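Residue numbers start from 1 in every chain, and the chains themselves are labelled A, B, ... in the order their sequence lines are given, proteins ahead of strands. A quick note: this is a predicted structure, and the numbers were derived from the prediction, not measured.
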Amino acid sequence: MTKPNTEPSEEHGAGPANTPSDFIRDIVSDDLKARRHSQIRTRFPPEPNGYLHIGHAKSICLNFGIARESGGICNLRFDDTNPTKEDIEYVESIQKDVRWLIREWADDRLGLKPKGQTPETQSINGKQDFHLPSATVTGDEKTATAGARSTILEPFYASDYFEQLYQYALRLIEKGLAYVCDLSPEETDQYRGAPDRPGKDSPWRERPAEESLDLFKRMKAGEFPDGTRTLRAKIDMASPNIWMRDPVLYRIRHADHHHTGSEWCIYPMYDFAHCLSDYIEGITHSICTLEFEVHRPLYDWILEKLELPRPLPRQHEFARLNLGYTVMSKRKLMQLVNEGLVSGWDDPRMPTISGLRRRGVTPEALRDFAYNIGITKYNGLTDVAVLEHAIREDLNKRARRRLAVLRPLKVVLTNYPDGKVEELRAINNPEDESAGTRVIPFSREVYIERDDFMENPPPKYFRLRPGGEVRLKYAYIIKCESVIKDAAGHVVELHCTADLDSKSGGLTAGRKIKGTIHWVSVPHAVDAEVRLYDRLFTVAEPDAQGDFKKHLNPHSLEVVTAKCEPILRDAIPDLRYQFERLAYFALDLESQPGKLVFNRTITLKDAWAKETQRS
RNA sequence: UGCCCGAUGGUGUAACGGUAGCACAGCAGACUCUGGAUCUGUUUGUCAUGGUUCAAAUCCAUGUCGGGCAGCCA
């Protein structure tokens with residue numbers, strides 16, 4: 001493994017062996033050097049309106065990575081300010097995915113809070129202040145142990161701050177910096193202007209603060225229907241930055257919220273909730289993607305105008321991940337799920353964290369991938385080969401080698417005694433001696449891969465052919481004597497003879513034979529359903545133009561019944577397997593004793609396939 | 001015709017005024033009881049034009065190209 005030769009930061013081998021470096025980490029370490037913060041605090045703030053995907057994984061690795069490298073904390077916070085789009089299903093899946101991804105790497109950096117806790121009101125220099133510090137499972141923050149011995153911890157929710165956000169809104173109105181606006185949504189659009197055309201002031205802009213205060217309280221009390229009024233910041237309708245043109249801070253939504261129930265009928269907008277949530281939690285570095293760059297002036301404006309007593313968080317933006325041969329937007333992923341084009345959010349072909357997990361990808365591989373792609377402000381397209389490489393590198397080190405035949409062709413060894421069974425010793429993982437060995441039964445009839453026999457092979461084909469020899473891994477060198485075909489001319493069986501002295505360790509075992517193939521003893525074979533996954537799309541940029549669904553790969557899933565060596569009967573979900581010469585596999589969650597189901601995580605690199613493609 | 005951001009081999013990134021490096025991909029070879037892994041070698045790059053400087057990928061200016069911004073979404 002070759003990595004840039006920076007200082008090793010790792011005592012135990014989880015994740016990349018070196019400390020990454022990028023422009024955001026540079027900012028963080030400058031801030032640390034300048035003693036601007038006593039402890040770094042980042043946050044991962046998903047909206048619970050979909051499942052997490054590999055783009056979120058990049059963000060999680062960044063935010064938790066910075067926390068662990070600096071001895072800081074990364075809060076998991078649900079940015080749940082829009083009850084009509086969010087669901088408890090997503091808050092649960094998100095927690096599961098985050099914990100899985102940071103497992104044994106940064107789980108001691110996960111910032112949580114005592115269950116049910118909301119911000120404390122404190123006074124700093126005579127100013128009222130709201131604060132909700134983090135706790136971690138390691139308890140390096142005393143907050144968690146305040147009352148009960150063992151406190152149950154939970155993630156942060158922006159919706160836990162609705163009361164405080166409301167207070168902040170009141171303060172803004174009192175300062176003459178926000179007003180209740182009676183424009184309809186359509187009128188608000190018209191008044192906003194366009195990027196190259198200034199907007200115009202709302203007729204309600206100069207409404208007295210007392211009147212706005214009264215109206216805002218009545219909005220909260222539920223006196224007005226949806227869409228009839230908003231709370232708006234009073235900034236500048238002529239600003240070249242559209243987000244500074246008196247942005248909406250609150251809207252009316254008579255809707256139940258998954259976390260706060262029916263308590264509220266006004267909900268804060270992202271821009272108002274996010275900066276203040278960061279502040280309340282004591283976030284130091286609020287890291288988000290590039291599309292929020294234009295929102296930063298508003299982020300800073302709100303915090304500054306409120307004249308808050310504690311240090312303010314700073315927002316920094318990086319480029320989101322674009323990966324070839326897939327789509328990344330939650331909207332499109334949801335479309336695939338809702339239209340039944342995949343089996344669910346965790347379909348192994350999905351770029352979701354749950355899909356990748358189900359496919360057999362490990363958190364280590366994902367973290368290594370995130371490390372390799374880096375963090376910049378350049379909006380590029382990452383080659384899937386980078387992901388695939390990270391997955392292979394990880395699996396090569398950990399996978400148990402097994403023999404399994406995906407498309408069986410029966411071979412009868414005519415000179416091998418009928419009924420005889422030999423137990424052959426096989427290596428579990430040549431990359432890891434501690435994985436040990438196992439025995440594989442061998443008998444007169446074996447299955448080999450159909451691809452490993454050709455009647456009229458092209459040049460450079462060094463597997464089995466009529467009259468040719470090949471080595472059966474761990475067993476004998478065999479020679480193809482005759483080809484048995486059915487009435488239609490299809491090859492159904494091979495009759496071969498074995499060089500009985502050529503067994504591993506035997507007299508003629510050292511003979512130079514170009515090809516070695518895998519096999520499974522017919523009477524001992526165990527059946528398994530094997531799901532062969534391929535890329536979900538046929539083109540690198542499915543959403544480049546037109547309907548992305550036009551580019552779905554019709555062959556992204558093929559199901560076969562494989563013949564497996566008997567030990568595979570005891571396969572477990574925690575392990576990864578390499579079916580030798582084929583691919584890496586993991587047990588699917590639908591697998592059951594007696595009814596094995598394997599997912600192909602990723603194929604082995606195949607130089608022969610490349611060779612055949614050339615001609 | 002507005003504002004913000006960006007541009008380094010095929011792709012993704014490093015170089016923080018001083019030898020353009022790394023990874024992936026590609027190609028060639030060695031080794032191999034996995035056509036895997038491993039090892040060796042190798043092709044290909046600073047968007048353009050000016051300026052500042054002994055010296056520019058790096059600083060400045062202009063241009064070109066790309067991305068983002070007009071939800072009561074996040």
Indicate, with a heavy-atom threshold strictly under 4.0 Å, whether A/Pro430 touches base, sugar-phosphate, or nothing.
base
Answer with base, sugar-phosphate or nothing: what part of the nucleic acid does A/Val294 contact at a heavy-atom distance below 4.0 Å?
base
Would you state whether a donor and an acceptor, one from the side chain of A/Arg463 and one from the base of B/G35, lie under 3.5 Å apart?
yes
Determine the contact category for A/Tyr461: base if any of its heavy atoms lies under 4.0 Å from a base atom, sugar-phosphate if only primed atoms, P, OP1 or OP2 are that close, otherwise nothing.
base
For A/Arg245 versus A/Pro195, what's the shortest heavy-atom pair and its separation?
NH2-N, 4.3 Å
As a test of reading the structure: which of B/U13, B/G71, B/G35 is closest to the side chain of A/Trp608, going by heavy atoms?
B/G35
Which nucleotide sits closest to the side chain of A/Thr81: B/G10, B/C72, B/A74?
B/A74
What integer distance in Å separates A/Asp501:CG from B/C33:P?
19 Å
Please say whether more than 12 non-hydrogen atoms of neighbouring residues, nucleotides or ligands are located less than 6.0 Å from CZ in A/Arg314.
no
Within the structure shown, what part of the strands sits under 4.0 Å from A/Arg392 by heavy-atom distance: base, sugar-phosphate, or nothing?
nothing
A/Arg207 and A/Asp182 ion-paired at < 4.0 Å:
yes
Report yes if at least one side-chain N or O of A/Arg251 is closer than 4.0 Å to OP1 or OP2 of B/C73; otherwise report no.
yes
Under 4.0 angstrom, heavy atoms only, what part of the nucleic acid is A/Tyr270 near: base, sugar-phosphate, or nothing?
base
Reckon A/Lys473 touches a base, only the sugar-phosphate, or nothing at all at heavy-atom distances under 4.0 Å?
base
Is the base of B/G67 touched by the side chain of A/Glu293 through a donor-acceptor pair closer than 3.5 angstrom?
no
Would you call the rings of A/Tyr299 and A/His274 parallel, tilted or perpendicular, where under 30° means parallel and over 60° means perpendicular?
tilted
Counting only side-chain heavy atoms from C-beta out, which of B/U13, B/U34, B/C5 sits nearest to A/Tyr378?
B/U13
Could you check whether A/Glu47 gets within reach of a base, just the sugar-phosphate, or nothing at all, counting any heavy atom under 4.0 Å?
sugar-phosphate
Does any nucleotide pair with B/C59 by Watson-Crick or G-U wobble geometry, both distances under 3.5 Å, and what is it?
B/G51
Heavy atoms under 4.0 Å, any strand shown: does A/Leu183 hit a base, just sugar-phosphate, or nothing?
base
Over 60° means perpendicular and under 30° means parallel, so tell me whether A/Tyr51 and A/Trp345 are parallel, tilted or perpendicular.
parallel
Have a look at B/G21 and give me syn or anti from its glycosidic angle (syn if within 90° of zero).
anti
Distance, P atom - from B/A23 to B/U64, rounded to whole angstrom
38 Å
With sugar-phosphate meaning primed atoms plus P, OP1 and OP2, does A/Leu381 contact a base, only sugar-phosphate, or nothing at under 4.0 Å between heavy atoms?
sugar-phosphate
Test for a donor-acceptor pair under 3.5 Å between the base of B/C5 and the side chain of A/Asn379, counting only N and O atoms.
no
Assign A/Asn241 to base, sugar-phosphate, or nothing according to its heavy-atom contacts below 4.0 angstrom with the strands shown.
nothing
Rounded to the nearest angstrom, tell me the gap between atom NZ in A/Lys460 and atom C1' in B/G29.
13 Å
For A/Tyr474 together with A/Phe442, are the ring centres under 6.0 Å from each other?
no
Hey, does A/Tyr267 reach any base, or is it just sugar-phosphate, or nothing, if we go heavy atoms under 4.0 Å?
nothing
When we call it a touch if two heavy atoms are under 4.0 Å apart, what does A/His518 touch: a base, just sugar-phosphate, or nothing?
nothing
Please classify the nucleic acid contact of A/Gly374 as base, sugar-phosphate, or nothing, using heavy-atom distances under 4.0 Å.
nothing
Rounded to whole Å, CG of A/Asp394 lies from P of B/G36 at a distance of 20 Å
So which nucleotide from B/A37, B/G35, B/G71 ends up closest to the side chain of A/Asn396?
B/A37
Under 4.0 Å between a side-chain nitrogen and a carboxylate oxygen: does that hold for A/Asp246 and A/Arg205?
yes
Classify the nucleic acid contact of A/Arg471 as base, sugar-phosphate or nothing, counting any heavy atom under 4.0 Å across all strands shown.
base
Report yes if a donor N or O on one partner sits less than 3.5 Å from an acceptor N or O on the other, where the partners are the side chain of A/Gln578 and the base of B/U34; otherwise report no.
yes
Side-chain N or O of A/Lys610 closer than 4.0 Å to phosphate OP1/OP2 of B/G26
yes
From CE of A/Met269 over to C1' of B/C69, roughly how many Å is that when rounded to an integer?
14 Å
Just to confirm, is there a sub-4.0 Å distance from OP1 or OP2 of B/G35 to any side-chain nitrogen or oxygen of A/Lys514?
no
Can a side chain N or O of A/Arg581 be found less than 4.0 Å away from OP1 or OP2 on B/G35?
yes
